[in-house]
Each structure stands twice: as structure tokens, then as C-alpha cells.
Amino acid sequence: MKRALLASLTAIAMAPAVAADPATINWTKIPAATVPLFYPGQSSYEWLLSDKHPGAQGIQANLPCAGCHQGQEKKLGESLVKGGPLEPSPVKGKDATKELKVQAAYDDKNAYLRFQWKTNANKPGIEYPYYRFDGKEWKVYGEPRLNKSVQEGKQVAMYEDRLTLMIDDGKVPGFDKQGCWLTCHTGERDMPNVAAKADAQKVLKKNDVRKYLPASRTNPSDWTTVKSPDEIAKLKAEGGFVDLIQWRAHRSNPVGGVDDGYVLEYRNFDKGKNHFASNMDNEKKVPKFMYDAKKFKSKATTAKDVGKRDPFLITGVNAVPFDPAAGWKEGDMVPRYYLQPAEGSAADNKGAGTWKGGMWTVVITRPLGLANPDDKAFKDGGVYSVGFAVHDDNITTRGHHVSFVKTLGFGAKADIQAVKLK
Ligand code: HEC
């Protein structure tokens with residue numbers, strides 16, 4: 001009797017926490033916050049602290065952006081999107097603002113974040129550039145809208161839709177005031193004084209400069225002054241990084257995934273294996289995979305077939321190793337990236353997005369209490385600073401719409417309060 005009781009008590013204690021099926025959450029019962037996003041142009045960390053920005057001293061005095069710009073998202077977006085000192089290559093037809101509807105819930109296991117926004121195009125942005133055979137070589141087909149080649153009509157505008165969150169738990173100085181702008185610097189892609197590839201390789205061992213935090217540099221406004229690997233490792237161990245969660249309509253959604261990354265000295269991916277990988281064999285200069293003709297109807301697609309069927313190339317589903325002797329014709333195209341199951345810390349986030357009637361609805365599931373050194377762990381009772389962004393209509397880098405920083409709370413007061421599921 002006693003032993004049976006003990007056994008059943010142990011069973012209760014050891015029963016795994018119950019996780020909700022995100023598909024069955026009744027979202028009509030969860031309050032929705034509307035977060036305004038706006039087109040930021042090249043309003044970098046450096047510009048914001050320069051004498052060209054009337055708010056520079058306010059930022060230095062630790063005032064939040066919204067302290068002066070509360071409710072001005074529409075005004076700022078409309079001013080920046082049309083071109084000017086902060087937008088040297090305005091995109092025709094680009095909308096100035098977006099409304100992002102955000103809902104949050106959690107249980108003992110996971111956080112569930114639901115997002116809805118309207119797309120500019122009357123179709124989902126699920127296409128990503130391809131490799132196209134020109135009779136001799138495989139060359140990139142399609143580029144994002146900010147690129148000169150697209151603006152000059154030499155390339156087709158093509159890039160996936162994305163939804164991004166940057167998250168801090170209070171350990172990155174200034175993120176609760178300036179949010180994403182802390183990471184946006186001169187020298188990065190599509191920003192002023194973009195770094196030369198050779199310089200980025202010399203200083204960072206990367207081909208370009210991407211988001212970084214001020215604390216990773218001895219001079220935060222000079223990307224070349226990156227601190228030593230030991231100092232960066234110390235910052236990371238102290239939690240001095242922001243988590244970066246990215247849902248991608250082409251490169252993660254088809255495999256139910258959402259990227260997990262972090263920003264410190266660069267925009268890094270978490271340890272493990274990503275949902276996507278390059279489909280170019282850099283030695284042989286040919287793709288690594290082609291479509292399985294038995295599953296996709298043909299081994300390749302062509303420009304005139306783009307948009308007629310799902311373009312995704314997925315290992316174990318419809319991808320087979322590239323056959324150089326398969327009789328390639330000029331105009332044959334295969335995706336630039338293939339999809340695969342993610343692994344390790346890079347596989348923490350799951351997601352599902354559907355596009356209907358001009359609107360994406362995306363639900364992201366992230367486990368609570370993640371213990372990886374490259375994650376910010378969501379915890380019951382925790383409040384986090386979050387910046388949101390949407391990349392819409394075939395664009396990347398700064399061509400997104402972004403929010404001022406908001407707070408997200410789990411069982412705690414915040415701009416967006418997650419509801420505990422019963
Ligand atoms: C102390 C007040 C103050 C703070 C804090 C402040 N700003 Fe400003 N900002 C201004 C003023 C004033 C202007 C000029 C008038 C305007 O465009 O609203 C301005 C202009 C801008 C512009 C240019 C708009 C245009 O049309 O060219 C951008 C972009 C901007 N701010 C972004 C930010 C961001 C992002 C932050 C936070 C990192 C921030 N500001 C913090 C006061 C402030």
C-alpha cells in the first residue's frame with residue numbers, strides 16, 4: 001500500500017509537463033496587441049548619435065526612442081520610405097508602415113507566439129532566388145529589391161517573406177531603450193560605407209558585416225574594432241547578447257522550423273544544423289541537389305514556371321543528388337538553398353505559417369527554460385525586451401519594417417502579456 005502510494009506520487013512528480021498542440025490553441029481567447037512597424041531606411045546607430053539626429057543627446061541620456069517618438073511610427077515611415085538622406089535607393093510601391101498583430105500564450109513547456117500581418121503583394125512571398133543554367137554555368141537568378149540589379153531591371157525581384165524577433169532579458173545595456181537600432185551600423189550590408197569583402201574577411205573572417213552589439217567593439221561606431229575572441233566569449237557567457245528568432249517563408253516554414261540565432265559580434269546562428277543550407281558545390285561549381293523528377297514532375301524548374309508550384313527543395317522529400325549528366329538545358333533552374341531537418345540548439349524553435357486572403361498567420365513555438373549558452377531563456381514570471389520586424393515583398397537587409405522596443409511578459413506585467421494556458 002505504502003509502496004504503491006509512493007510509486008504513484010513519483011509518477012506524478014515525474015510526469016512530463018503537458019505541452020499544448022499549437023494548432024488547437026483557441027486564439028480568439030488570447031488578447032491581441034497591435035504593434036506598429038515602420039520603414040527605417042538607413043537610420044543607423046551612428047546616425048542616431050550624430051548631430052544630424054535632434055534626439056542624439058536624448059539617447060545619450062538613456063531616453064528610449066519612444067520617449068520622443070511615441071505614436072510617430074507612421075510619420076517616420078512615410079518620411080523615410082520615399083527617399084532622402086536616410087534612403088538613397090527608395091523602392092517603388094513600398095509601404096511606409098505595417099501593423100503586426102501579436103498574441104502570446106504559454107504552458108509548462110513552451111511559449112506560443114502568434115503573428116498576423118498583411119502582405120503588399122497579393123501572394124505569399126515563398127520564392128527565393130535560384131541557380132539558373134545559362135548553357136555553361138549556374139548563375140544566380142533573382143535578387144532582393146534593394147539591389148541595383150533589380151532597380152535597373154536586370155534581375156527579377158525575388159526574396160522570401162520573413163518575421164523576426166530580437167529578444168533581451170535585461171543583460172544588454174540600452175536594448176530596452178533603443179531595441180534593434182543597437183545592432184544596425186555603418187559598414188553592414190546595404191548601409192553607408194558598406195565593408196569591402198576583403199576587409200570583412202581580414203577582420204571578421206566573414207564575407208560581410210552583419211548586425212553587431214556596441215559592446216563587441218572597442219569603438220562601437222567602427223565595426224573594424226572588434227574585441228578579441230576571449231572578450232567576446234566573456235560577453236557571451238555573461239548573457240551580453242540578444243536572441244534572434246527568424247521565421248522564413250521559403251527557408252524554414254516548409255519544414256516546420258524557425259531559425260534560432262543570436263547577435264553579439266556578428267549575426268550568428270545557434271550551434272547545430274540550420275533548416276537550410278547552400279545548394280552550391282563550391283569546388284565543382286554545380287548545384288548539390290536537384291529535384292526528384294518522380295516527386296516534382298521534373299528535375300528542374302524554369303522562370304516561366306515560377307509561382308505555379310511550391311518551389312522548395314527538401315532532403316528526404318523531393319531532393320536527389322545533382323547529376324551533371326542529366327542533360328541540362330539553358331534556362332533550367334534549381335533552388336539556391338535546400339531544406340533539411342535542423343539539429344542542436346539551432347533546432348529549438350518550431351513554427352507554422354499560412355497565407356490566406358492577403359495575410360500571413362504565423363505561430364512560433366519556443367521551449368521555456370532553454371539552457372543552451374546561445375539562447376535567452378523564456379521563464380514564467382520573466383519580462384523581456386523585444387524588437388519586431390517583417391520583411392515583405394521580395395526584400396532583405398534594411399528593407400524591412402521594424403518596431404520600437406516592446407516588452408513581453410510571462411505571468412508578469414508587460415506591453416504584450418502571455419496568457420497561461422489551462
Ligand atoms: C530626445 C528625443 C529623441 C529621442 C530619444 C530619439 N529621437 Fe529620433 N528624432 C527626434 C527629433 C526631434 C527628430 C526630428 C523631428 C522628427 O523627424 O520627428 C528625430 C528624428 C528621427 C528620425 C528621422 C526622421 C526623418 O523623417 O528623417 C529617425 C529615423 C529617428 N528620429 C529615429 C529615432 C530612433 C530609432 C530613436 C531611438 C534609438 C530615436 N529617434 C530617439 C527626437 C528624438
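Counting starts at 1 for both ligands and their atoms, in listed order. Quick caveat: nothing in here was measured; it's all calculated off a predicted structure.
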> Parallel, tilted or perpendicular: which fits the ring planes of Phe276 and Phe269, with parallel below 30° and perpendicular above 60°?
Replying inline: perpendicular
> Do ligand 1 and His53 have nitrogen or oxygen atoms that lie under 3.5 Å from each other?
Replying inline: yes
>> Return the closest protein heavy atom for atom 22 (C) of ligand 1 as residue, atom name and distance.
In response: Trp47 CH2, 3.5 Å
> Got the closest protein heavy atom to atom 42 (C) of ligand 1, with its distance?
Replying inline: Gly55 CA, 3.5 Å
> At the 4.0 Å heavy-atom cut-off, does Lys75 count as touching ligand 1?
Replying inline: yes
> Which of parallel (below 30°), tilted (30 to 60°) and perpendicular (above 60°) describes Trp181 and Phe404?
Replying inline: tilted
>> Restricting to non-hydrogen atoms, name the atom on Met166 and the atom on Thr183 that form the minimum distance, rounded to 0.1 Å.
In response: CE-OG1, 3.6 Å
>> Does Arg248 form a salt bridge (Lys or Arg N to Asp or Glu O under 4.0 Å) with Asp259? I'd like the steps, not just the answer.
In response: CA-CA 8 Å; Arg248 300 168 181 270; Asp259 291 9; 2.6 Å; yes
> With a 4.0 Å heavy-atom cut-off (strictly under), which part of Pro64 contacts ligand 1: side chain, backbone, both or neither?
Replying inline: backbone
> Could Asp375 and Lys271 be called an ion pair, given the rule that one side-chain N must be under 4.0 Å from one carboxylate O?
Replying inline: no
> Which heavy atom of the protein is the closest neighbour of atom 4 (C) of ligand 1, given with residue, atom name and distance?
Replying inline: Cys68 SG, 3.3 Å
> Who gets closest to atom 24 (C) of ligand 1 by heavy atom: Leu76, Leu49, Val405, Leu182?
Replying inline: Leu76
> What class does the angle between the rings of Tyr106 and Phe410 fall in, given that below 30° is parallel, 30 to 60° is tilted and above 60° is perpendicular?
Replying inline: perpendicular
> For atom 12 (C) of ligand 1, which protein heavy atom lies nearest, and how many Å away is it?
Replying inline: Pro54 CB, 3.6 Å
> Which atom pair, heavy atoms only, marks the closest approach of Ser278 to Tyr338?
Replying inline: O-CE2, 3.3 Å
> What is the minimum heavy-atom distance between Cys180 and Gly387, and which atoms define it?
Replying inline: SG-CA, 3.7 Å
>> For ligand 1, which is the ligand I care about here, please tell me if Gln178 has any N or O atom under 3.5 Å from one of the ligand's N or O atoms.
In response: no
>> How far is atom 36 (C) of ligand 1 from the closest protein heavy atom, and which atom is that?
In response: Cys65 SG, 2.8 Å
>> Is it the case that ligand 1 has an N or O less than 3.5 angstrom from some N or O of Ser79?
In response: yes
> Which atoms of ligand 1 sit under 4.0 Å from any heavy atom of Gln72?
Replying inline: 18 (O)
>> Show me which atoms of ligand 1 lie under 4.0 Å from any heavy atom of Gly58.
In response: 1 (C)
>> Starting from atom 40 (N) of ligand 1, what is the nearest protein heavy atom, named by residue and atom, and what distance separates them?
In response: His69 NE2, 2.8 Å
> Can you find a non-hydrogen atom of Gly179 under 4.0 Å from ligand 1?
Replying inline: no
